[in-house]
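I have placed the structure first, in the form of structure tokens, so that the comments after it can refer back to it.
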Protein chains: 2
Amino acid sequence: MDNRGISQAVIRRLPRYYRYLGELLENGVERISSNDLSKRMKVTASQIRQDLNNFGGFGQQGYGYNVKYLYTEIGKILGLEEDHKIIIIGAGNLGQALANYAAFEKRGFILTGIFDVNPRLEGVAIRGVPIRMMDELKSFVQKNDVEIAVLTIPKEKAIEVANMLVENGVRAIWNFAHTDLNLPDNIIVENVHLSESLMQLSYNISRYNEDQRKKGKN
Amino acid sequence: MDNRGISQAVIRRLPRYYRYLGELLENGVERISSNDLSKRMKVTASQIRQDLNNFGGFGQQGYGYNVKYLYTEIGKILGLEEDHKIIIIGAGNLGQALANYAAFEKRGFILTGIFDVNPRLEGVAIRGVPIRMMDELKSFVQKNDVEIAVLTIPKEKAIEVANMLVENGVRAIWNFAHTDLNLPDNIIVENVHLSESLMQLSYNISRYNEDQRKKGKN
DNA sequence: TAGATTGTTAATCGATTAACAATC
DNA sequence: TAGATTGTTAATCGATTAACAATC
């Protein structure tokens with residue numbers, strides 16, 4: 001199994017396969033063909049088979065795919081079998097929303113620390129994890145072998161905090177701040193730019209409206 | 001200006017251009033060449049020019065692009081010049097985080113209503129907008145010409161609520177529920193699947209770790 | 001065995017990059 | 001005018017889809 005050169009397009013689709021397979025599993029479905037799955041997911045069967053064969057031959061001719069097996073294998077590929085220590089920087093509503101996300105633990109993301117600047121939040125616990133003050137962050141990261149940091153802080157602070165975290169051993173950043181981070185190549189960054197997502201929505205509305213106007217004219 | 005057939009790849013990049021131009025504007029930069037911008041954004045100058053020319057010729061040979069003009073034009077393309085009435089379904093941490101997102105209003109997204117099932121939240125106001133109970137939702141949507149609904153509710157409820165909203169005139173859904181909605185083609189859906197984003201991060205960590213192990217062997 | 005469905009190669013389609021004439 | 005930089009065409013690259021032999 002050689003994972004090199006797998007495009008981000010494929011990787012973006014993997015979690016969606018995983019979700020659909022999880023639902024099939026819950027519904028007691030034992031096997032599924034790429035054709036069946038393609039109809040449910042509204043993608044081509046070809047794409048499913050191509051995507052999966054990047055990682056190995058998980059199916060069987062004449063039978064299809066065993067749901068449970070494929071679910072487990074994709075879970076492995078996604079790294080959900082290993083534990084990941086994760087901390088959240090910024091305990092505002094968004095930070096708290098993520099901290100409370102229960103499926104975290106199930107998937108191996110171990111919430112290890114929460115940090116904020118607001119002294120009124122000090123010691124308040126979310127899912128058993130107390131909120132700490134930002135001045136403890138550096139030594140906490142050094143001592144606790146933190147793998148992933150979630151940044152839910154304003155963009156003004158995000159860049160310097162990210163740099164500090166990376167210097168102290170954090171390997172990956174889940175970035176919700178409205179800025180790009182420009183970290184070294186060996187650091188994994190996954191951006192969630194909510195305002196950009198909303199603008200895409202807004203663009204699609206505008207375009208649709210325009211098309212309707214044009215249709216009206218013709 | 002013909003917007004038909006513009007790929008989602010281009011559309012995903014527009015908000016990022018908008019963000020960079022906004023920052024340049026704040027810093028008092030008057031003009032920028034595609035080459036300059038490409039270095040800041042880490043994309044090719046060719047791509048910037050191709051992307052922009054989908055919508056019109058905004059630049060000038062020998063000069064580049066006027067930052068303020070281009071910023072405004074991209075804003076128009078993204079539909080940020082028009083107002084969009086928006087409601088939030090689900091006033092948990094995530095719903096509240098989005099409700100409190102101050103830049104909303106600046107970009108023309110008018111928070112009009114917030115809804116939840118929890119009676120203890122009834123009447124609590126976020127940014128002046130009181131939380132209403134779910135049984136008021138249908139008539140509220142009918143009366144208030146709501147364009148966008150944000151779904152920050154569990155997936156079990158999301159599908160039926162989305163269908164109801166759409167039947168009552170909502171045009172677009174910003175979907176944070178962990179499910180696909182399968183709405184009619186004329187409805188705009190923008191999904192934010194946070195768990196899938198985290199899995200991509202996790203995949204990239206695993207793959208990097210594996211590469212390192214391989215390197216070690218050689 | 002016959003039917004079903006994969007894994008994989010080849011064909012197509014679309015997106016990105018390069019190149020350069022047009023022009024400010 | 002000379003230099004800079006766009007807008008746009010052509011070339012390349014990559015991703016998706018189609019087709020089918022292999023095989024369960």
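No experiment lies behind these values; they were computed from the predicted model shown. Labels below follow one simple rule: chain letters A, B, ... track the order of the sequence lines, proteins then strands, and each chain is numbered from 1.
Salt-bridge annotation for B/Glu210 and B/Arg207: absent, with no side-chain N of the basic residue lying under 4.0 Å from a carboxylate O of the acidic one.
Picking from C/dT8, D/dG7, D/dA18 the nucleotide with the shortest atom distance to the side chain of A/Ser46 gives D/dA18. In the set D/dT6, C/dG7, D/dT16, C/dG7 carries the atom at the smallest distance from any side-chain atom of A/Tyr65. For A/Gln47, the listed nucleotide lying nearest its side chain is D/dT17; candidates were C/dG7, C/dT16, D/dT17. Checking D/dT16, C/dT23, C/dT17 against every side-chain atom of B/Gln61, the shortest atom distance belongs to C/dT23.
Here A/Ser34 reaches the OP1 or OP2 of C/dT6: one of its side-chain N or O atoms lies under 4.0 Å away. Remark: B/Arg31 is not in phosphate contact with C/dC24, judged by side-chain N or O atoms under 4.0 Å from OP1 or OP2. Regarding contacts with the backbone of D/dG7, every side-chain N or O of B/Arg49 stays at 4.0 angstrom or more from both OP1 and OP2.
Within 3.5 Å, no donor on the side chain of A/Ser7 pairs with an acceptor on the base of D/dA15, nor the reverse. No donor-acceptor contact under 3.5 Å links the side chain of A/Gln50 to the base of C/dT6.
Remark: C1' of C/dG14 and CG of B/Asp51 are 14 Å apart, rounded to the nearest angstrom. The nearest whole Å value for the distance from the OH atom in A/Tyr69 to the C1' atom in C/dT6 is 14 Å. The interatomic distance linking B/Asn35 (CG) with C/dA18 (P) rounds to 12 Å, in whole Å. Atom P of nucleotide D/dT8 and atom CG of B/Leu52 are separated by 12 Å, given to the nearest angstrom. When the P atom of D/dT16 is taken as reference, atom CD of B/Gln8 falls 14 Å away, rounded to whole Å. Residue A/Arg12 contributes atom CZ, which lies 12 Å from atom C1' of D/dA15 at whole-angstrom precision. In this structure, CZ of B/Phe55 is placed 16 Å from C1' of D/dG7, rounded to the nearest angstrom. Between the CD1 atom of B/Ile48 and the P atom of C/dA15 there is a distance of 18 Å, rounded to whole Å.
Nucleotide C/dC24 has D/dG3 as its partner under the Watson-Crick or G-U criteria, with both atom distances under 3.5 Å. In this structure D/dT17 sits in a base pair with C/dA10, meeting the Watson-Crick or G-U test at under 3.5 Å.
Test A/Tyr69, A/Tyr18, A/Phe58 against A/Ile74 for side chain to side chain contact (heavy atoms under 4.5 Å, CB included) and you get one pass: A/Tyr18.
No more than 12 heavy-atom neighbours from other residues, nucleotides or ligands sit within 6.0 angstrom of CD on B/Glu30.
Looking at heavy-atom distances under 4.0 Å, B/Ser33 makes contact with sugar-phosphate atoms alone, never a base. Residue contacts for A/Thr44: at a heavy-atom cut-off of 4.0 Å it reaches the sugar-phosphate backbone alone, with no base atom in range.
Looking at every heavy atom in both residues, A/Val117 comes nearest to A/Met134 through CG1-CG, 3.6 Å. Nearest approach of A/Ser206 to B/Ile77, heavy atoms of both residues: CB-O, 4.5 Å.
Positionally, the nearest nucleotide of DNA chain D for B/Gly57 lies more toward the 5' end than for the other of A/Arg13 and B/Gly57.
Relative orientation of the B/His84 and B/Phe109 rings is parallel, given thresholds of 30° and 60° on the angle between their planes.
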